[in-house]
Amino acid sequence: MKNKLIVTLTTVKGSRQYTLNQVARVLVPAFLLMAVLSFFVSNALLVKTSDDLAILEEDHQLLSDQYETVLGTQQLYVSELNQLSSTLEVLQQENYRIGELNASLDESLGGLESMLGMPASDSYTPERAEVLKSTAAQRLFLLHNIPNGVPLQGTRMTDRFGMRTHPVTRKRSMHNGVDFAATRGTEVYATADGVVEFSGRQSGFGKLVIMQHSFGFKTYFAHLDKLNVETGDLVAKGQLIAHSGNSGRSTGPHLHYEVRRLFTAIDPAPFLKWNIANFDTIFTDVTSVKWASLKEMYPLNQAAVQLPSSQKETDSPET
(Lines give C-alpha, C1' and ligand atoms only; values in the text may rest on other atoms or scores of the structure.)
Protein backbone atom coordinates (compact mmCIF):
# COMPACT_ATOMS: atom_id res chain seq x y z
CA MET A 1 0.00 0.00 0.00
CA LYS A 2 1.37 3.35 -1.06
CA ASN A 3 2.06 6.04 1.49
CA LYS A 4 -0.89 8.46 1.84
CA LEU A 5 -1.27 11.63 3.82
CA ILE A 6 -4.21 11.08 6.14
CA VAL A 7 -5.78 14.03 8.05
CA THR A 8 -7.82 13.00 11.14
CA LEU A 9 -10.50 15.36 12.55
CA THR A 10 -11.81 14.47 16.03
CA THR A 11 -15.06 15.91 17.36
CA VAL A 12 -17.50 14.93 20.15
CA LYS A 13 -19.27 12.86 17.65
CA GLY A 14 -16.18 10.92 16.92
CA SER A 15 -13.19 10.96 14.60
CA ARG A 16 -13.12 11.21 10.87
CA GLN A 17 -10.20 10.75 8.51
CA TYR A 18 -9.55 12.52 5.25
CA THR A 19 -6.95 11.79 2.70
CA LEU A 20 -4.91 14.61 0.92
CA ASN A 21 -6.83 14.07 -2.25
CA GLN A 22 -10.06 14.76 -0.50
CA VAL A 23 -8.67 17.91 1.17
CA ALA A 24 -7.23 19.12 -2.09
CA ARG A 25 -10.55 18.62 -3.80
CA VAL A 26 -12.09 21.02 -1.30
CA LEU A 27 -9.29 23.55 -0.83
CA VAL A 28 -8.23 24.00 -4.43
CA PRO A 29 -11.67 25.10 -5.66
CA ALA A 30 -11.99 27.34 -2.62
CA PHE A 31 -8.55 28.79 -3.28
CA LEU A 32 -9.33 29.29 -6.92
CA LEU A 33 -12.62 30.89 -6.02
CA MET A 34 -10.89 33.25 -3.61
CA ALA A 35 -8.19 34.01 -6.17
CA VAL A 36 -10.79 34.85 -8.78
CA LEU A 37 -12.69 36.97 -6.28
CA SER A 38 -9.45 38.66 -5.23
CA PHE A 39 -8.57 39.33 -8.86
CA PHE A 40 -11.90 40.99 -9.57
CA VAL A 41 -11.89 42.87 -6.27
CA SER A 42 -8.30 44.01 -6.87
CA ASN A 43 -9.14 45.11 -10.42
CA ALA A 44 -12.17 46.95 -9.14
CA LEU A 45 -10.07 48.60 -6.43
CA LEU A 46 -7.34 49.37 -8.97
CA VAL A 47 -9.82 50.96 -11.36
CA LYS A 48 -11.33 52.99 -8.51
CA THR A 49 -7.87 54.00 -7.32
CA SER A 50 -6.90 55.02 -10.86
CA ASP A 51 -10.05 57.08 -11.13
CA ASP A 52 -9.32 58.65 -7.75
CA LEU A 53 -5.77 59.36 -8.86
CA ALA A 54 -7.04 60.93 -12.09
CA ILE A 55 -9.46 63.06 -10.09
CA LEU A 56 -6.65 64.00 -7.71
CA GLU A 57 -4.45 64.91 -10.67
CA GLU A 58 -7.24 67.05 -12.12
CA ASP A 59 -7.76 68.68 -8.73
CA HIS A 60 -4.03 69.22 -8.44
CA GLN A 61 -3.89 70.79 -11.90
CA LEU A 62 -6.90 72.94 -11.07
CA LEU A 63 -5.29 74.04 -7.80
CA SER A 64 -2.05 74.72 -9.66
CA ASP A 65 -3.88 76.81 -12.25
CA GLN A 66 -5.74 78.66 -9.51
CA TYR A 67 -2.46 79.24 -7.68
CA GLU A 68 -0.87 80.64 -10.82
CA THR A 69 -3.94 82.82 -11.38
CA VAL A 70 -3.82 84.06 -7.80
CA LEU A 71 -0.08 84.58 -8.09
CA GLY A 72 -0.54 86.51 -11.32
CA THR A 73 -3.31 88.56 -9.76
CA GLN A 74 -1.09 89.25 -6.75
CA GLN A 75 1.74 90.37 -9.02
CA LEU A 76 -0.69 92.56 -10.97
CA TYR A 77 -1.96 94.00 -7.71
CA VAL A 78 1.60 94.73 -6.58
CA SER A 79 2.34 96.35 -9.97
CA GLU A 80 -0.81 98.49 -9.79
CA LEU A 81 0.00 99.40 -6.20
CA ASN A 82 3.49 100.50 -7.22
CA GLN A 83 2.02 102.48 -10.11
CA LEU A 84 -0.52 104.12 -7.80
CA SER A 85 2.27 104.92 -5.36
CA SER A 86 4.31 106.53 -8.16
CA THR A 87 1.25 108.47 -9.34
CA LEU A 88 0.57 109.65 -5.79
CA GLU A 89 4.18 110.81 -5.48
CA VAL A 90 3.89 112.71 -8.76
CA LEU A 91 0.63 114.28 -7.60
CA GLN A 92 2.22 115.30 -4.31
CA GLN A 93 5.14 116.87 -6.17
CA GLU A 94 2.70 118.60 -8.54
CA ASN A 95 0.65 119.83 -5.60
CA TYR A 96 3.81 121.19 -3.99
CA ARG A 97 4.78 122.88 -7.25
CA ILE A 98 1.29 124.35 -7.61
CA GLY A 99 1.54 125.61 -4.04
CA GLU A 100 4.84 127.31 -4.89
CA LEU A 101 3.30 128.77 -8.04
CA ASN A 102 0.31 130.05 -6.09
CA ALA A 103 2.61 131.65 -3.53
CA SER A 104 4.67 133.16 -6.33
CA LEU A 105 1.50 134.33 -8.07
CA ASP A 106 0.20 135.90 -4.86
CA GLU A 107 3.52 137.66 -4.40
CA SER A 108 3.56 138.81 -8.03
CA LEU A 109 -0.03 140.04 -7.89
CA GLY A 110 0.74 141.79 -4.62
CA GLY A 111 3.72 143.46 -6.25
CA LEU A 112 1.58 144.41 -9.23
CA GLU A 113 -1.06 145.93 -6.95
CA SER A 114 1.64 147.88 -5.15
CA MET A 115 3.17 149.03 -8.44
CA LEU A 116 -0.24 150.08 -9.74
CA GLY A 117 -0.97 151.95 -6.51
CA MET A 118 -4.04 149.81 -5.83
CA PRO A 119 -5.18 148.53 -2.40
CA ALA A 120 -3.85 145.10 -1.45
CA SER A 121 -6.22 142.11 -1.60
CA ASP A 122 -6.56 139.47 1.10
CA SER A 123 -6.93 136.74 -1.54
CA TYR A 124 -6.43 136.59 -5.28
CA THR A 125 -9.04 135.18 -7.61
CA PRO A 126 -8.96 134.81 -11.40
CA GLU A 127 -11.34 137.77 -11.58
CA ARG A 128 -8.98 139.92 -9.48
CA ALA A 129 -6.01 138.86 -11.61
CA GLU A 130 -7.96 139.79 -14.75
CA VAL A 131 -8.75 143.24 -13.34
CA LEU A 132 -5.06 143.78 -12.53
CA LYS A 133 -4.08 142.58 -16.00
CA SER A 134 -6.59 144.89 -17.69
CA THR A 135 -5.57 147.84 -15.53
CA ALA A 136 -1.88 147.31 -16.26
CA ALA A 137 -2.59 146.91 -19.99
CA GLN A 138 -4.58 150.14 -20.09
CA ARG A 139 -1.92 152.08 -18.25
CA LEU A 140 0.80 150.73 -20.52
CA PHE A 141 -1.34 151.65 -23.51
CA LEU A 142 -1.42 155.31 -22.43
CA LEU A 143 2.22 155.29 -21.35
CA HIS A 144 3.20 154.13 -24.83
CA ASN A 145 1.09 156.71 -26.62
CA ILE A 146 1.44 159.83 -24.45
CA PRO A 147 4.93 161.29 -23.78
CA ASN A 148 6.40 160.26 -20.42
CA GLY A 149 9.82 159.78 -18.86
CA VAL A 150 13.06 161.54 -19.70
CA PRO A 151 14.41 161.62 -23.27
CA LEU A 152 18.02 160.96 -22.24
CA GLN A 153 19.76 159.29 -19.32
CA GLY A 154 22.29 160.47 -16.76
CA THR A 155 21.75 164.20 -17.17
CA ARG A 156 20.29 166.99 -15.06
CA MET A 157 17.72 169.64 -15.87
CA THR A 158 19.29 173.08 -16.24
CA ASP A 159 16.28 175.19 -17.22
CA ARG A 160 12.57 174.80 -16.59
CA PHE A 161 9.34 175.62 -18.40
CA GLY A 162 8.04 179.20 -18.07
CA MET A 163 9.09 182.80 -18.37
CA ARG A 164 12.85 183.47 -18.27
CA THR A 165 15.62 185.73 -19.53
CA HIS A 166 16.86 184.20 -22.77
CA PRO A 167 20.58 183.32 -22.44
CA VAL A 168 21.34 184.59 -25.99
CA THR A 169 18.98 187.55 -26.59
CA ARG A 170 19.00 188.56 -22.88
CA LYS A 171 15.29 189.38 -23.25
CA ARG A 172 12.44 188.16 -21.09
CA SER A 173 10.57 185.45 -23.04
CA MET A 174 8.60 182.24 -22.66
CA HIS A 175 10.60 179.04 -22.45
CA ASN A 176 8.28 176.41 -23.95
CA GLY A 177 10.23 173.40 -22.75
CA VAL A 178 12.96 172.20 -20.43
CA ASP A 179 16.73 172.00 -20.99
CA PHE A 180 19.00 169.08 -20.06
CA ALA A 181 22.75 169.43 -19.73
CA ALA A 182 24.27 166.91 -22.13
CA THR A 183 27.62 166.51 -23.81
CA ARG A 184 27.73 166.38 -27.57
CA GLY A 185 26.69 162.94 -28.84
CA THR A 186 24.51 161.93 -25.88
CA GLU A 187 21.81 159.52 -27.09
CA VAL A 188 18.27 160.93 -27.27
CA TYR A 189 15.26 158.60 -27.14
CA ALA A 190 11.58 158.90 -28.09
CA THR A 191 9.32 159.33 -25.06
CA ALA A 192 6.27 157.73 -26.73
CA ASP A 193 5.26 155.82 -29.84
CA GLY A 194 4.65 158.05 -32.81
CA VAL A 195 5.58 159.25 -36.29
CA VAL A 196 8.35 161.69 -37.19
CA GLU A 197 6.66 164.89 -38.39
CA PHE A 198 9.91 166.71 -39.06
CA SER A 199 13.61 165.82 -39.01
CA GLY A 200 16.01 168.49 -40.15
CA ARG A 201 17.28 171.98 -39.43
CA GLN A 202 15.00 174.82 -38.30
CA SER A 203 15.92 178.41 -37.40
CA GLY A 204 16.64 178.86 -33.70
CA PHE A 205 16.19 175.17 -32.90
CA GLY A 206 19.10 174.07 -35.06
CA LYS A 207 18.81 170.37 -35.87
CA LEU A 208 15.32 169.40 -34.74
CA VAL A 209 13.11 166.30 -34.51
CA ILE A 210 9.34 166.76 -34.10
CA MET A 211 7.26 163.68 -33.30
CA GLN A 212 3.49 163.29 -33.47
CA HIS A 213 1.84 161.05 -30.86
CA SER A 214 -1.69 159.88 -30.09
CA PHE A 215 -4.38 162.11 -28.56
CA GLY A 216 -2.96 165.27 -30.14
CA PHE A 217 0.43 165.28 -28.37
CA LYS A 218 3.77 166.26 -29.92
CA THR A 219 7.34 166.32 -28.67
CA TYR A 220 10.22 168.55 -29.80
CA PHE A 221 13.92 167.64 -29.54
CA ALA A 222 16.14 170.60 -30.42
CA HIS A 223 19.81 171.68 -30.73
CA LEU A 224 20.77 168.18 -31.89
CA ASP A 225 24.04 167.08 -33.40
CA LYS A 226 23.08 163.91 -35.30
CA LEU A 227 19.64 162.86 -36.56
CA ASN A 228 18.88 159.13 -36.56
CA VAL A 229 15.34 159.29 -38.00
CA GLU A 230 13.76 160.81 -41.07
CA THR A 231 10.43 162.52 -41.67
CA GLY A 232 7.66 159.93 -41.91
CA ASP A 233 9.42 157.25 -39.85
CA LEU A 234 7.34 155.28 -37.35
CA VAL A 235 9.10 155.28 -34.01
CA ALA A 236 8.54 153.25 -30.83
CA LYS A 237 8.88 154.55 -27.30
CA GLY A 238 12.49 154.24 -26.15
CA GLN A 239 13.89 154.15 -29.69
CA LEU A 240 17.08 156.11 -30.42
CA ILE A 241 16.14 159.12 -32.57
CA ALA A 242 19.11 161.50 -32.32
CA HIS A 243 22.26 162.62 -30.50
CA SER A 244 22.42 165.86 -28.52
CA GLY A 245 24.54 168.76 -29.69
CA ASN A 246 24.90 172.56 -29.83
CA SER A 247 23.20 173.46 -33.09
CA GLY A 248 20.96 176.51 -33.56
CA ARG A 249 20.67 179.37 -31.08
CA SER A 250 22.48 177.77 -28.14
CA THR A 251 25.19 178.74 -25.67
CA GLY A 252 26.50 175.21 -25.19
CA PRO A 253 25.77 171.51 -25.73
CA HIS A 254 22.38 170.56 -24.30
CA LEU A 255 18.97 169.14 -25.23
CA HIS A 256 15.87 171.31 -25.46
CA TYR A 257 12.74 169.18 -24.96
CA GLU A 258 9.10 170.25 -25.37
CA VAL A 259 5.70 168.60 -24.94
CA ARG A 260 2.86 170.14 -26.92
CA ARG A 261 -0.79 169.37 -27.46
CA LEU A 262 -2.62 170.83 -30.43
CA PHE A 263 0.32 173.25 -30.94
CA THR A 264 0.11 174.52 -27.35
CA ALA A 265 3.22 174.00 -25.19
CA ILE A 266 2.65 172.18 -21.89
CA ASP A 267 5.06 172.04 -18.95
CA PRO A 268 6.97 168.77 -19.52
CA ALA A 269 7.76 168.33 -15.80
CA PRO A 270 4.64 166.25 -14.92
CA PHE A 271 5.25 164.06 -17.98
CA LEU A 272 8.92 163.53 -17.11
CA LYS A 273 8.03 161.90 -13.75
CA TRP A 274 4.87 160.14 -14.98
CA ASN A 275 5.01 156.33 -14.85
CA ILE A 276 2.87 153.28 -14.11
CA ALA A 277 3.31 153.62 -10.34
CA ASN A 278 2.04 157.22 -10.10
CA PHE A 279 -0.29 156.86 -13.05
CA ASP A 280 -3.17 158.94 -11.67
CA THR A 281 -1.04 162.02 -10.95
CA ILE A 282 -0.98 163.23 -14.54
CA PHE A 283 -4.78 163.66 -14.57
CA THR A 284 -4.65 166.15 -11.70
CA ASP A 285 -1.27 167.76 -12.40
CA VAL A 286 -2.09 168.62 -16.01
CA THR A 287 -5.48 170.32 -16.02
CA SER A 288 -5.26 171.75 -19.55
CA VAL A 289 -6.15 168.36 -21.06
CA LYS A 290 -9.71 166.98 -20.97
CA TRP A 291 -8.69 163.61 -19.62
CA ALA A 292 -12.23 162.52 -18.73
CA SER A 293 -13.07 161.97 -22.40
CA LEU A 294 -10.48 159.15 -22.48
CA LYS A 295 -12.89 157.01 -20.45
CA GLU A 296 -15.01 156.48 -23.56
CA MET A 297 -12.09 155.32 -25.69
CA TYR A 298 -10.81 151.84 -26.34
CA PRO A 299 -9.21 150.14 -24.47
CA LEU A 300 -9.85 152.36 -21.45
CA ASN A 301 -13.45 151.21 -21.22
CA GLN A 302 -12.32 147.65 -20.43
CA ALA A 303 -11.67 148.31 -16.72
CA ALA A 304 -12.03 150.98 -14.08
CA VAL A 305 -9.14 153.37 -14.59
CA GLN A 306 -9.53 156.21 -12.14
CA LEU A 307 -9.75 159.29 -14.32
CA PRO A 308 -11.05 162.58 -12.91
CA SER A 309 -14.54 163.20 -14.23
CA SER A 310 -15.79 166.03 -12.05
CA GLN A 311 -12.78 168.31 -12.07
CA LYS A 312 -13.02 171.57 -13.94
CA GLU A 313 -11.00 171.22 -17.13
CA THR A 314 -10.08 173.87 -19.65
CA ASP A 315 -7.81 173.78 -22.65
CA SER A 316 -5.16 176.44 -23.14
CA PRO A 317 -5.83 178.68 -26.14
CA GLU A 318 -4.38 177.27 -29.30
CA THR A 319 -1.74 179.23 -31.17
Are V209 and F205 connected, step by step, through hydrophobic side chains (Ile, Leu, Val, Met, Phe, Trp, Tyr) whose heavy atoms are closer than 4.5 Å? no
For N246, all residues meeting side-chain hydrogen bond (donor to acceptor under 3.5 Å, both in side chains), sequence neighbours excluded: S250
Is the shortest side-chain heavy-atom distance between L272 and P147 below 4.5 Å? no
Do F221 and I241 have side chains that get closer than 4.5 Å, going by heavy atoms? yes
So, the side chain of R160 versus the backbone of D267: is there a donor-acceptor pair under 3.5 Å, distance only? no
State plainly whether one hydrophobic cluster holds both V229 and I210, where clusters connect Ile, Leu, Val, Met, Phe, Trp and Tyr through side-chain heavy atoms under 4.5 angstrom apart. no
Between H243 (side chain) and V188 (backbone), is there a donor-acceptor pair under 3.5 Å? no
With Q212, which residues qualify under side-chain contact (heavy atoms from CB on, under 4.5 Å), at least two apart? V195, E197, K218
Please report the shortest heavy-atom distance between P268 and G177, naming the atom on each side. CG-CA, 4.2 Å
Those residues that, when tested against T183, pass side-chain hydrogen bond (donor to acceptor under 3.5 Å, both in side chains) (two or more places apart): T186
Donor-acceptor pair, D280 side chain versus F283 backbone, under 3.5 Å? no
Determine which pairs satisfy side chain to side chain donor-acceptor pair (under 3.5 Å) with at least one residue from residues 146-156, sequence neighbours left out, and list them in order. N148-K237
Excluding sequence neighbours, so at least two apart, what forms side-chain hydrogen bond (donor to acceptor under 3.5 Å, both in side chains) with D233? none
Partners of D179 by salt bridge (charged side-chain N to carboxylate O under 4.0 Å, His left out), sequence neighbours excluded? R164
Tell me whether L227 is reachable from L208 by hopping between hydrophobic residues (I, L, V, M, F, W, Y) whose side-chain heavy atoms are closer than 4.5 Å. no
Euclidean distance, Q138 CD relative to L294 CG, rounded to 0.5 Å: 11.0 Å
Just jot down the side-chain contact (heavy atoms from CB on, under 4.5 Å) partners of K273, sequence neighbours excluded, or say none. D285
Could you tell me if the side chain of V150 sits less than 4.5 Å from the side chain of M157, heavy atoms only? no
Mark yes when over 12 heavy atoms from residues, nucleotides or ligands other than E230 sit less than 6.0 Å from its CD; otherwise mark no. no
Test item: L255 and L224 side chains (from C-beta on) under 4.5 Å apart, heavy atoms: yes
For H213 and N145 the tightest heavy-atom approach is CB-O, 3.5 Å
Identify the heavy atoms of R201 and S247 that sit nearest to each other, and give their distance. NH1-CB, 4.2 Å
Ring centres under 6.0 Å, that's the criterion: do Y257 and Y220 meet it? no
Name all residues meeting the ring pair (Phe, Tyr, Trp, His ring centres under 6.0 Å) criterion together with F161; count only those two or more places apart in sequence or in a different chain, and write none if there are none. none
Among all residues two or more places apart in sequence or in another chain, which pass the ring pair (Phe, Tyr, Trp, His ring centres under 6.0 Å) test with Y189? none
Just jot down the ring pair (Phe, Tyr, Trp, His ring centres under 6.0 Å) partners of H254, sequence neighbours excluded, or say none. H223
So CG of L140 and CD1 of I276: to nearest 0.5 Å the spacing works out to 4.5 Å
Does F215 share a hydrophobic cluster with V235, counting links as ILVMFWY side-chain heavy atoms below 4.5 Å and allowing steps through other members? yes
Below 4.5 Å, heavy atoms only, C-beta onward: do I266 and V289 meet side chain to side chain? yes
Check whether any side-chain N or O of W274 sits under 3.5 Å from a backbone N or O of G149 as a donor-acceptor pair, and report yes or no. no
Using the side-chain hydrogen bond (donor to acceptor under 3.5 Å, both in side chains) criterion, which residues pair with D225? Sequence neighbours excluded. R184
Report the distance from atom CH2 of W291 to atom CD1 of I146, rounding to the nearest 0.5 Å. 4.5 Å
Taking only residues two or more places apart in sequence, or in another chain, which ones meet F180 in a ring pair (Phe, Tyr, Trp, His ring centres under 6.0 Å)? none
Between atom CD of E187 and atom OG of S244, what is the distance when rounded to the nearest 0.5 Å? 9.5 Å
